[in-house]
Amino acid sequence: MKRDIISVRDLESDLDQILSMALDLKSGKLKKENALKGKTLAMIFEKPSTRTRVSFEVGMAQLGGHALYLSPRDLQIGRGETIADTAKVLSRYVDAIMYRAFSHEMMIELARNATVPVINGLDDLEHPCQIVADLLTVKEKKGKLKGIKMAYVGDGNNVCNSLLLGAAIVGMDFVAACPDGYKPNEKIVADAISIAKRNKCISMVISDPHDAVKNADVVYTDVWTSMGQEKEAEEREKVFAPYQINSKLLANAKDDCIVMHCLPAHRGHEITDEVIDGDQSVVFDQAENRLHAQQAILLRVIR
Ligand code: CP
Ligand code: NVA
């Protein structure tokens, strides 16, 4: 049976193994050469991307395979061919499809119709590949995941939703501080709380950023306006102003707290230059880890 990675939930059974594999790929313990020789990944991008595109493309090349960048402008999707027909056709040529979509429904529709594995490269609900890289980064920097407290401050968006699930699965305490009206997806919050209960860790959504970062080992933020929400940008700037990660807010966290951001960052908005360029920031190691994490994912799903 094919294996899709649409949600972090799809990683629940083997997230630990994927993280170990990513570490081994990074250290060179696990050889990359020819691991996916002759395999092709189709990548459909409805939205822009720097990290996801380049890390998947380079990742496939290093594994001996090949990646195809496809934009809806160039595909017949742009002229009205359905995503279902596109999925069926691509499945006859390629070994897996990575899709960055505006809507989660379209992601599901593509996965339902593809006969090859589908990997979510971000949609409006989740960003699972990002979270594998994030957990890898915390594991590297802190030596463990259980017993670590991550505070997420800002918009309850796709990244926040996936972090909620990822943290609960690995047993990491997670507190998100998001303003009312911008809380994460309710179903995901409920699922994360129930997984966290099983794994004896905390999963919580609150409103006060100062409370959230208290005693945190990791402080994480993302943009206030995600791709596709540009019309709301002005309103969001006002609502999120008290949620900026700056030195004052960070002073509430542990002294050795690390700062994470999935990037791209809007400097001076959700995070100050001082913090993102400061000693506690690990954002570029985190970005590098997209490559190692995704290679582990590709090796798990492509046969
Ligand atoms: N973090 C992330 O997914 O970045 P890109 O939008 O550049 O792919
Ligand atoms: N939440 C952001 C993440 C970008 C990688 C967005 O969806 O635009």
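Counting starts at 1 for both ligands and their atoms, in listed order. Position 1 is the first residue of the sequence; numbering continues from there. Because the structure is a prediction, the values reported are computed rather than measured.
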At the 4.0 Å heavy-atom cut-off, does L122 count as touching ligand 1?
no
Tell me which part of D155 gets within contact of ligand 2: side chain, backbone, both or neither, using heavy atoms under 4.0 Å.
neither
Quick check on the hydrophobic clustering: are M150 and L250 connected, directly or via other members, by side-chain heavy-atom contacts under 4.5 Å?
no
Single-linkage hydrophobic cluster L122~L11, side-chain heavy atoms < 4.5 angstrom:
no
Are any of the N/O atoms on T225, whether in the backbone or the side chain, positioned under 3.5 angstrom from an N/O atom of ligand 2?
no
Consider every N or O of P264 and every N or O of ligand 1, then say whether any pair is closer than 3.5 Å.
no
Heavy atom of the protein closest to atom 8 (O) of ligand 2 (residue, atom name, distance):
M227 N, 2.8 Å
Looking only at heavy atoms, which two atoms of E109 and N113 are closest? And how far apart?
O-ND2, 2.8 Å
Per-atom contacts, ligand 2 versus L122 - under 4.0 Å to a heavy atom:
3 (C), 4 (C), 5 (C), 7 (O)
Which protein non-hydrogen atom lies closest to atom 4 (O) of ligand 1, naming both residue and atom, and how far is it?
R51 NE, 2.9 Å
Please say whether R53 places an N or O atom under 3.5 Å from an N or O atom belonging to ligand 1.
no
Nearest non-hydrogen protein atom, atom 7 (O) of ligand 2:
N158 ND2, 2.8 Å
Got an N/O contact under 3.5 Å between L263 and ligand 1?
yes
closest protein heavy atom to atom 3 (O) of ligand 1 is H127 NE2, 2.8 Å
Give the C-alpha distance, both sets of side-chain angles, the deciding distance and a yes or no for side-chain contact (heavy atoms from CB on, under 4.5 Å) between R198 and I195.
CA-CA 5 Å; R198 237 178 17 240; I195 299 169; 3.9 Å; yes
Consider side chain to side chain donor-acceptor pair (under 3.5 Å). Of R300, R290, K32, which one does Q295 pass it with?
K32
With a 4.0 Å heavy-atom cut-off (strictly under), which part of R100 contacts ligand 1: side chain, backbone, both or neither?
side chain
Among all protein heavy atoms, pick the one closest to atom 2 (C) of ligand 1 and tell me residue, atom and distance.
R290 NH1, 3.3 Å
Nearest non-hydrogen protein atom, atom 3 (C) of ligand 2
D222 OD2, 3.6 Å
Near T50, which atoms of ligand 1 are under 4.0 Å from a heavy atom of that residue?
5 (P), 7 (O), 8 (O)
Can F174 and K149 be said to form a side-chain contact (heavy atoms from CB on, under 4.5 Å), step by step?
CA-CA 6 Å; F174 184 83; K149 175 184 172 181; over 6 Å; no
Under 4.5 Å between side-chain heavy atoms, counting indirect links through other Ile/Leu/Val/Met/Phe/Trp/Tyr residues: same cluster for I44 and Y93 or not?
yes
Return yes if some donor-acceptor pair links the side-chain N/O of R236 with the main-chain N/O of T225 below 3.5 Å, else return no.
no
Side chain, backbone, both or neither: which part of L263 has a heavy atom under 4.0 Å from ligand 2?
backbone
If you count the atoms of ligand 2 from 1 in the order shown, which ones are under 4.0 Å from a heavy atom of N157?
1 (N)
Kindly work out whether a path of hydrophobic side-chain contacts (I/L/V/M/F/W/Y, heavy atoms less than 4.5 Å apart) joins V54 to V283.
no
How about Y99 and F45: are their ring centres within less than 6.0 Å of each other?
no
Measure from NZ or CZ of R53 to the centre of the six-membered ring of Y69, then state whether that distance is under 6.0 Å and the direction lies within 45° of the axis.
yes
